[in-house]
2 protein chains.
Amino acid sequence: MITKKPDSLIYVVDDEFAVRDSLSLLIESTGQAVRSFASAEEFLDGYDPDCPGCLLLDVRMPGVSGLELQELLLNRGISIPIIFISGHAGIPDTAKAFRAGAVDFLEKPFSDGLLLKRVEEAIAIDIANREQREGQDKIQSRLALLTAREHEVMAQIVGGHSNKEVARVMGISNRTVEAHRSSIMEKMQASNLAELIMMVTQAGILEAKPNSGHYPFSGGGG
Amino acid sequence: MITKKPDSLIYVVDDEFAVRDSLSLLIESTGQAVRSFASAEEFLDGYDPDCPGCLLLDVRMPGVSGLELQELLLNRGISIPIIFISGHAGIPDTAKAFRAGAVDFLEKPFSDGLLLKRVEEAIAIDIANREQREGQDKIQSRLALLTAREHEVMAQIVGGHSNKEVARVMGISNRTVEAHRSSIMEKMQASNLAELIMMVTQAGILEAKPNSGHYPFSGGGG
DNA sequence: TAGGCAATGCGTATAAATACCTAGCTTGGG
DNA sequence: CCCAAGCTAGGTATTTATACGCATTGCCTA
């Protein structure tokens with residue numbers, strides 16, 4: 001094909017054309033693909049959930065503000081890393097953005113180098129998050145194949161109980177537990193107890209911490 | 001005893017007496033214990049690592065600033081949740097604070113209710129972090145009991161390999177592997193393969209993400 | 001130098017898991 | 001009404017894991 005799909009996409013959302021234009025030029029100079037939008041609605045329409053990327057988002061915009069878009073994305077389960085950009089924002093907005101998971105908050109004017117560094121960082125975060133979610137989704141789809149009874153048995157097994165114990169607790173025969181266990185291992189595509197436990201643990205983290213999203217950082221570095 | 005030890009401690013660090021005083025009074029009115037310090041150095045001296053709590057920290061102070069203290073605490077591995085308080089701070093400082101793991105950043109004047117809410121939140125975070133670290137420390141101390149050979153064997157076992165496979169890969173006898181396995185289970189105080197795997201997984205997370213620290217949040221809520 | 005510990009190995013025995021097979025019962029859908 | 005699917009259970013055989021005890025070698029330390 002002629003127009004090849006980029007491996008990552010930077011979205012720029014700002015109501016001012018001049019800002020979109022200069023940001024686009026800056027980022028495109030590094031060879032990365034950019035898509036610009038003048039409003040939150042346009043972005044939601046043009047967002048490609050299948051491509052890793054990050055979002056450069058203006059805080060103040062007519063209509064849906066940047067912070068409102070952030071909340072909207074959270075509610076929709078869209079977890080693209082957001083770098084806020086603002087000319088004159090206050091501490092409360094900044095704090096709110098960060099507490100809602102923003103990767104960074106840059107005040108204009110900022111250095112080109114800093115922005116590009118943050119963009120790179122954000123994309124790396126998104127890629128890592130996507131990989132993690134991909135693995136979790138695969139496990140979830142396997143878990144969906146299990147029957148209710150198999151779920152019960154699996155919980156016991158992962159909890160460290162032997163077939164005999166499971167049989168006693170559930171009030172069924174040893175053979176029945178073995179049969180369930182066998183189909184569990186097959187459906188989960190686990191060749192070991194170890195693998196099964198790893199899968200359940202990974203999927204369990206998904207359920208326990210739905211929004212840990214970003215932040216594989218250690219320190220400030222800014 | 002007469003002076004009972006509080007279950008949590010709020011540290012207030014600000015160079016202005018008036019600020020320390022009003023914050024202390026506000027927090028003490030909820031029945032929580034407070035310790036005030038006029039400088040970063042004083043705080044470092046009076047900090048009790050064994051008691052859960054949080055830190056209300058002024059950004060600008062003569063000598064070591066709030067942000068510098070935050071970095072200092074990070075470097076020393078002290079992970080007390082920090083709520084920054086500032087009269088006139090900029091976005092860059094706010095962003096830096098959050099990126100370094102701050103729980104919140106409040107601009108004066110702020111409502112008493114908001115502060116108290118954040119303090120409660122921060123303490124909950126610290127307690128959760130401490131519980132997690134406690135568990136990990138316990139596992140680490142057990143791992144330290146293992147010999148080098150036992151570590152190798154454990155890695156294989158947790159990786160899902162049977163004793164026979166481990167024996168073949170390591171070039172030793174089946175019986176030797178069994179002996180190692182037995183002492184591993186004993187030293188790790190695991191009664192199951194499942195428990196052993198859980199422990200190693202938990203400890204492994206510790207090594208992989210040393211600074212995920214705070215942030216069990218979902219959204220802004222402020 | 002003696003004792004302790006780690007690593008290695010063997011024997012024996014029991015317990016548990018796995019891999020095959022078959023089969024009755026129930027429930028929901030074509 | 002029958003078939004598919006799920007839950008149940010038994011038989012048999014093999015493979016693994018566990019739990020005892022015992023012995024040798026090498027290294028480090030009291």
Side-chain angles (χ1 to χ4, degrees), chain A residues 137-204 207, chain B residues 136-204 206-207:
Chain A
D137 288 350
K138 195 185 292 175
I139 295 170
Q140 285 295 342
S141 66
R142 290 177 194 170
L143 282 173
L145 299 175
L146 299 183
T147 66
R149 209 60 171 159
E150 285 165 353
H151 267 287
E152 290 180 57
V153 173
M154 189 180 66
Q156 301 269 328
I157 291 173
V158 171
H161 301 285
S162 70
N163 287 356
K164 187 186 282 184
E165 288 173 309
V166 177
R168 186 178 48 75
V169 170
M170 293 181 63
I172 57 180
S173 139
N174 205 325
R175 302 310 172 89
T176 306
V177 177
E178 288 174 17
H180 285 315
R181 184 173 188 139
S182 172
S183 66
I184 289 168
M185 298 300 281
E186 192 181 358
K187 287 180 180 176
M188 294 300 291
Q189 296 176 39
S191 47
N192 298 315
L193 175 58
E195 282 186 15
L196 183 70
I197 292 173
M198 295 292 192
M199 289 186 200
V200 174
T201 303
Q202 206 177 328
E207 291 160 19
Chain B
Q136 289 174 339
D137 288 351
K138 195 185 293 174
I139 296 170
Q140 286 293 343
S141 67
R142 290 178 193 170
L143 282 173
L145 299 177
L146 300 182
T147 66
R149 208 60 170 159
E150 286 165 351
H151 267 287
E152 290 180 56
V153 172
M154 188 180 66
Q156 302 268 327
I157 291 173
V158 170
H161 301 285
S162 70
N163 287 355
K164 187 186 279 185
E165 287 174 309
V166 177
R168 186 178 48 75
V169 169
M170 294 182 63
I172 57 179
S173 140
N174 206 325
R175 304 309 172 86
T176 306
V177 177
E178 287 173 19
H180 285 315
R181 183 173 189 138
S182 172
S183 65
I184 289 168
M185 298 300 281
E186 190 182 357
K187 288 179 179 176
M188 295 299 291
Q189 295 176 40
S191 46
N192 299 316
L193 176 57
E195 280 184 18
L196 183 70
I197 292 173
M198 293 294 192
M199 289 185 200
V200 174
T201 303
Q202 206 177 327
L206 176 75
E207 289 160 17

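Naming: A, B, ... by sequence-line order, numbering from 1 per chain. Only a predicted model underlies this, so the values are computations on that prediction, with no experimental measurement involved.
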Nucleotide nearest [X] when distance is taken to its side chain, options [options]:
{"X": "B:Ile172", "options": "D:dT8, C:dT18, C:dT8", "value": "C:dT8"}
{"X": "B:Arg181", "options": "C:dT8, D:dT8, D:dT18", "value": "D:dT18"}
{"X": "A:Ser162", "options": "D:dA19, C:dA16, D:dT8", "value": "C:dA16"}

Measure the distance from [atom1] on [X] to [atom2] on [N] and round it to the nearest whole Å.
{"X": "A:Leu193", "N": "C:dT18", "atom1": "CG", "atom2": "C1'", "answer": "13 Å"}
{"X": "B:Arg149", "N": "C:dG9", "atom1": "CZ", "atom2": "C1'", "answer": "13 Å"}
{"X": "B:Asn174", "N": "D:dT15", "atom1": "CG", "atom2": "P", "answer": "13 Å"}
{"X": "B:His151", "N": "C:dA7", "atom1": "NE2", "atom2": "P", "answer": "10 Å"}
{"X": "B:Glu178", "N": "C:dA6", "atom1": "CD", "atom2": "P", "answer": "19 Å"}
{"X": "B:Glu150", "N": "C:dT8", "atom1": "CD", "atom2": "C1'", "answer": "13 Å"}
{"X": "A:Ile157", "N": "C:dA16", "atom1": "CD1", "atom2": "C1'", "answer": "13 Å"}
{"X": "A:His161", "N": "C:dA17", "atom1": "NE2", "atom2": "P", "answer": "12 Å"}

Residue closer to the 5' end of DNA chain D, A:Gly171 versus A:Lys187 (nearest nucleotide):
A:Lys187
Please state whether the phosphate of [N], meaning OP1 or OP2, lies under 4.0 angstrom from any side-chain nitrogen or oxygen of [X].
{"X": "A:Asn163", "N": "C:dA17", "answer": "yes"}
{"X": "A:Thr147", "N": "D:dA5", "answer": "no"}
{"X": "B:His180", "N": "C:dA6", "answer": "no"}

Can you name the side-chain contact (heavy atoms from CB on, under 4.5 Å) partners of B:Ser183, sequence neighbours left out?
B:Glu150
Sugar-phosphate, base or nothing in reach of B:Thr176, heavy atoms under 4.0 Å:
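Counting heavy atoms under 4.0 Å across all strands, the contact made by B:Thr176 includes a base.
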Classify the nucleic acid contact of B:Arg175 as base, sugar-phosphate or nothing, counting any heavy atom under 4.0 Å across all strands shown.
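Base, at least one base atom sits under 4.0 Å.
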Using only atom types and a distance under 3.5 Å, with no angle test, would you say the side chain of B:Glu165 pairs donor to acceptor with the backbone of B:Ser162?
yes
Would you confirm whether A:His161, through its side chain, and A:Ala155, through its main-chain N or O, come within 3.5 Å as a donor-acceptor pair?
no
Rounded to the nearest 0.5 Å, the CE atom of A:Met170 sits from the CD atom of A:Gln156 at a distance of 6.5 Å
Which pair of heavy atoms, one from A:Ala194 and one from B:Val158, lies closest together, and at what distance?
CB-O, 3.3 Å
